[in-house]
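In what follows, a single structure is set out as structure tokens and then discussed.
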Amino acid sequence: MPNELASRLEPLVAEAVTTAGFDLDSLEVQQAGRRQLVKVVVDSDDGIGLDEVAEVSRKVSAVLDENEHVLASAYTLEVTSPGLDRPLTQPRHWRRAKFRLVRITPAEGAEYVARVGHAGQEAARVLAGGSLQDVAYASVAKAVVEIEFKQPPAEDLKLLEEDASGPSTAAGQNEPKEESK
């Protein structure tokens with residue numbers, strides 16, 4: 001069963017991807033004729049280039065070859081970066097979408113578009129309709145980055161940047177921003 005197989009492979013593949021300095025975004029194993037198709041999606045805060053994809057592919061391939069008893073058949077390995085249409089499902093996805101427009105479908109209420117600011121472990125700060133608000137990840141049914149063909153408004157970016165820097169202390173250092181909601 002492919003999902004069971006992916007679950008068994010995930011720790012092995014995740015270790016190889018992490019060793020290469022990247023995050024394992026997803027792992028799928030599908031039957032493709034007589035072979036297994038192992039699809040590995042990797043990402044990092046700085047994105048991932050073609051040379052880095054090739055490096056990760058070599059490391060994952062070596063791990064799969066060492067553990068060929070888990071797959072128990074020939075396989076085709078596909079290593080790729082996430083597309084722009086990847087849903088934001090992890091805090092790191094929100095962090096990497098900083099200053100981008102995101103279409104948010106809340107678990108309750110109407111869908112809206114907002115620009116992402118600081119993203120914490122439980123919630124992200126967004127600019128929607130001219131006001132800042134916290135969006136708890138648990139309250140989001142779906143969030144996807146919107147493609148923009150022009151530069152974002154400078155005033156939106158300035159507002160989000162000032163908000164992320166938080167209030168200054170008397171010593172002139174910034175206090176960490178508390179996540180709420």
Side-chain angles (χ1 to χ4, degrees), residues 3 6-7 10 13-14 16-18 20-30 37-57 59-60 77-166 174 176-181:
N3 290 337
S7 298
E10 188 168 337
V13 172
V17 171
T18 302
F22 298 96
D23 298 318
L24 176 62
D25 209 59
S26 69
L27 171 68
E28 294 177 24
V29 180
Q30 303 168 353
L37 173 62
V38 179
K39 184 175 180 181
V40 179
V41 180
V42 297
D43 200 7
S44 77
D45 284 348
D46 299 325
I48 183 164
L50 290 177
D51 291 341
E52 296 159 324
V53 167
E55 176 190 340
V56 171
S57 181
K59 290 185 184 291
V60 171
L77 176 62
E78 181 181 312
V79 177
T80 186
S81 62
L84 276 178
D85 58 346
R86 168 193 60 194
L88 307 180
T89 58
Q90 302 287 325
R92 69 176 187 261
H93 298 158
W94 287 85
R95 190 178 65 244
R96 292 171 185 162
K98 186 175 183 179
F99 298 141
R100 301 195 77 166
L101 274 183
V102 174
R103 180 167 300 281
I104 300 170
T105 306
E108 294 179 19
E111 170 182 287
Y112 61 98
V113 175
R115 190 168 303 280
V116 178
H118 174 76
Q121 285 302 309
E122 304 294 326
R125 195 86 162 145
V126 298
L127 180 62
S131 64
L132 293 167
Q133 58 186 344
D134 291 323
V135 176
Y137 305 134
S139 70
V140 175
K142 184 178 180 184
V144 179
V145 171
E146 291 275 296
I147 297 173
E148 294 180 89
F149 294 103
K150 60 182 181 179
Q151 292 290 325
E155 58 272 8
D156 287 1
L157 300 181
K158 183 179 178 188
L159 186 61
L160 288 167
E161 193 68 49
E162 288 173 357
D163 181 62
S165 64
N174 294 333
K177 190 121 182 109
E178 184 72 28
E179 295 294 330
S180 61
K181 198 167 183 180

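Start at 1 with the first residue, then count along the sequence. The structure displayed is predicted, hence computed values, not measured ones.
- With a 6.0 Å radius and a threshold of 12 heavy atoms from other residues, nucleotides or ligands, Arg86 has its CZ atom above the threshold.
- Here the rule is side-chain contact (heavy atoms from CB on, under 4.5 Å) with Val17, and of Asp43, Val56, Val79 only Val56 fits it.
- Ser44 approaches Gly21 most closely through the heavy-atom pair CB-O, 4.5 Å.
- Between Leu24 and Thr18 the shortest side-chain heavy-atom distance does not fall below 4.5 Å.
- A donor-acceptor distance shorter than 3.5 angstrom exists from the side chain of Tyr137 to the backbone of Gly120, with no hydrogens or angles considered.
- In this structure, the side chains of His118 and Asp163 stay at 4.5 Å or more apart for every pair of heavy atoms.
- Taken to the nearest 0.5 Å, the OG atom of Ser26 stands 9.0 Å off from the CD atom of Glu10.
- Of all non-hydrogen atoms in Ala123 and Ala136, the two that sit nearest each other are CB-CA, 3.8 Å.
- In this structure, Leu157 CG and Glu161 CD are separated by 8.5 Å, a value rounded to the nearest 0.5 Å.
- Between Val102 and Val126, the closest side-chain pair of non-hydrogen atoms is not below 4.5 Å.
- Leu88 and Ala97 get closest at one heavy-atom pair: CD1-CB, 4.2 Å.
- Listed here is the closest heavy atom pair of Val144 and Pro87: CG2-CA, 4.2 Å.
- The closest side-chain heavy-atom distance from Arg100 to Leu84 is below 4.5 Å.
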Val38/Leu27 under side chain to side chain contact (heavy atoms under 4.5 Å, CB included): CA gap, chis, key distance, verdict: CA-CA 7 Å; Val38 179; Leu27 171 68; 3.8 Å; yes
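- No more than 12 heavy atoms of other residues, nucleotides or ligands shown are found within 6.0 angstrom of CD on Gln151.
- Summarising the local packing, NZ of Lys98 is surrounded by more than 12 heavy atoms from other residues, nucleotides or ligands at distances under 6.0 Å.
- Note that the CG atom of Leu160 and the CD atom of Glu155 stand 11.0 Å from one another [nearest 0.5 Å].
- The number of heavy-atom neighbours closer than 6.0 Å to CG of Asp45, taken from other residues, nucleotides and ligands shown, is above 12.
- Here side chain to side chain donor-acceptor pair (under 3.5 Å) pairs that include residues 106-116, with residues two or more places apart or in two chains, are Arg103-Glu111, Thr105-Glu111, Arg115-Glu148.
- Legend: residues meeting side-chain contact (heavy atoms from CB on, under 4.5 Å) with Arg92, ordered by chain and number and at least two apart, are Asp23, Asp25, Gln90, Arg95, Arg96.
- The closest side-chain heavy-atom distance from Pro152 to Leu101 is not below 4.5 Å.
- Heavy-atom minimum distance, Phe22 versus Gly47: CE2-O, 4.1 Å.
- For the atom pair CD1 (Ile104) and NZ (Lys142), the distance works out to 13.0 Å, reported to the nearest 0.5 Å.
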